[in-house]
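Okay, structure first, notes after.
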Protein chains: 2
Amino acid sequence: MNAAADEQLKQARDEFVAQWGALGTQWGINRTMAQIHALLMTAPTPQSTDEVMEELEISRGNAHTNLKELVAWGLVRIVVKKGDRREYFEAEKDVWKIFTTVARERKRREIDPALDVLRKCAEISEEIDTPDGKAFFEQMRQLEEFVEFASKMADRISGMKHGFALQMAAKLLG
Amino acid sequence: MNAAADEQLKQARDEFVAQWGALGTQWGINRTMAQIHALLMTAPTPQSTDEVMEELEISRGNAHTNLKELVAWGLVRIVVKKGDRREYFEAEKDVWKIFTTVARERKRREIDPALDVLRKCAEISEEIDTPDGKAFFEQMRQLEEFVEFASKMADRISGMKHGFALQMAAKLLG
DNA sequence: AACAAATTTCGGAAATTTCTGAAAGAACGA
DNA sequence: TCGTTCTTTCAGAAATTTCCGAAATTTGTT
């Protein structure tokens, strides 16, 4: 039978989960969350909290917190099976959807707060009537302008359908 | 006199440095590094290690390590003044250059390693001849394809001149 | 060479983040 | 209502990251 194949697959998935977790750290998201994401992206069926705990050898609290965090990001859905009170978790597998979701979320968490800071600093420095003051204001204004631009681009791109994005990219890369 | 204006400017800069530092944490880079970057981006002249230490109230070791890290990123240049043995540090202030530098560096640190992982996982799963094995391989392949695409886009965009990027963006946003 | 001034390194401390394990809180059925 | 099963929360422990301070090294001067 294909017990050998199953074993190989398990090894490959374990490798992916471990490495994806390590990458997650590099990206500023926590290892467990990245591991769970990798696990669910490659799971043939939705997984329960207990299955995730067992697979990754982590505590219930840890599994729970990170699963819910992934749900909050919009990368994972909760699935309920009838006749079963447990929640099961299923990851979005479409790469373009994953990308747009992450882009939207990172915009919200990284770009928007930066804009707030820059606007505030531009505002409080606008009136300073010295050369250094003007230079500071100008720097804030330029940063603000750029981040605003980035914000709009992020909205645009993450609103695109895959096909359209590809088409645009082809023009860019070709 | 403009002692009042100077005081206002100092407050505005301090605000920017503090907030930019806090944002840095969100972005997965360390607070001090982000603070130094903010400080240098808004400094009228290149600053010495001692000036940075004093301004941010941090140790010499910390200042040194993070200054050199910023230099390694390519966001800060070392400047030498004649008749002075000290090194001074000056940040790139052009927002487009900052952006392309960060884009290149993040590609190198985040995208390229992910590609390696995905290629390896695709390779070791290619031969697995079961439905789940094929599904796993296919998922790896799709992720790989997408990340490769992202990699090329990053190269393209970070190689652009500001004017050209704006032009392209106008088409996208307009 | 001897000294002074600056840079670099690094062991351990401090701060922050992440995780565990257990208790508390819901949801549901009997 | 009571018991069972699953979910959620959270205080303290563990792990990781960041930082300090001081010693070691390098660079340049006399």
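Note that the structure is predicted; figures quoted are calculated from it, not measured. Any value given below was found using the heavy atoms of this structure, including those in side chains, with hydrogens, waters and symmetry copies removed. Chain naming here is simple, since letters A, B, ... match the order of the sequence lines and numbering starts at 1 in each.
Side-chain atoms of A:Gln19 and A:Glu15 include a donor-acceptor pair closer than 3.5 Å.
A:Ile29 is not connected to A:Phe16 by any chain of hydrophobic side-chain contacts under 4.5 Å among Ile, Leu, Val, Met, Phe, Trp and Tyr, and they are in different clusters.
With B:Leu67 as the fixed residue, the side chain to side chain contact (heavy atoms under 4.5 Å, CB included) test singles out one of B:Thr32, B:Asn62, B:Ile78, B:Leu40: B:Leu40.
Between B:Arg104 and B:Asp155, none of the side-chain N atoms (NZ, or NE/NH1/NH2) sits under 4.0 Å from a carboxylate O, so this pair counts as no salt bridge.
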Got a list of protein N/O to nucleotides 2-6 of chain C N/O distances below 3.5 Å?
residue: C:dA5; atom: O4'; partner: B:Arg85; partner atom: NH1; Å: 3.3
residue: C:dA5; atom: N3; partner: B:Arg85; partner atom: NH2; Å: 2.7

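Near-neighbour residues of DNA chain C inside residues 51-76 of chain A, defined by a heavy atom below 4.0 Å, number-ordered: A:Glu57, A:Ile58, A:Ser59, A:Gly61, A:Asn62, A:Asn66.
Where A:Thr49 and A:Arg31 meet DNA chain D, the nucleotide closest to each residue was compared, and A:Thr49 sits on the side nearer the 5' end.
At distances below 3.5 Å, at least one donor-acceptor pair connects side-chain atoms of A:Arg13 with backbone N or O atoms of A:Thr42. Although no hydrogens or angles enter the test, the distance criterion places a donor-acceptor pair under 3.5 Å between the side chain of B:Gln47 and the main chain of B:Thr45. A donor-acceptor pair under 3.5 Å is absent between the side-chain atoms of B:Arg60 and the main chain of B:Asp50, judged by distance alone.
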Verdict with reasoning, A:Glu138 to A:Gln142, per side-chain hydrogen bond (donor to acceptor under 3.5 Å, both in side chains) = CA-CA 6 Å; A:Glu138 182 58 17; A:Gln142 284 184 19; 3.1 Å; yes
ring-ring contact (aromatic ring centres under 6.0 Å, His included) between B:Trp27 and B:Trp20, worked out = CA-CA 10 Å; B:Trp27 306 338; B:Trp20 204 250; 5.3 Å; yes
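Between B:Phe146 and A:Trp96, the ring planes are perpendicular. Angles over 60° get that label, and only those under 30° would be called parallel.
Between chain B and DNA chain D, the heavy-atom contact criterion of under 4.0 Å yields a 5' to 3' nucleotide range of D:dT18 to D:dG28.
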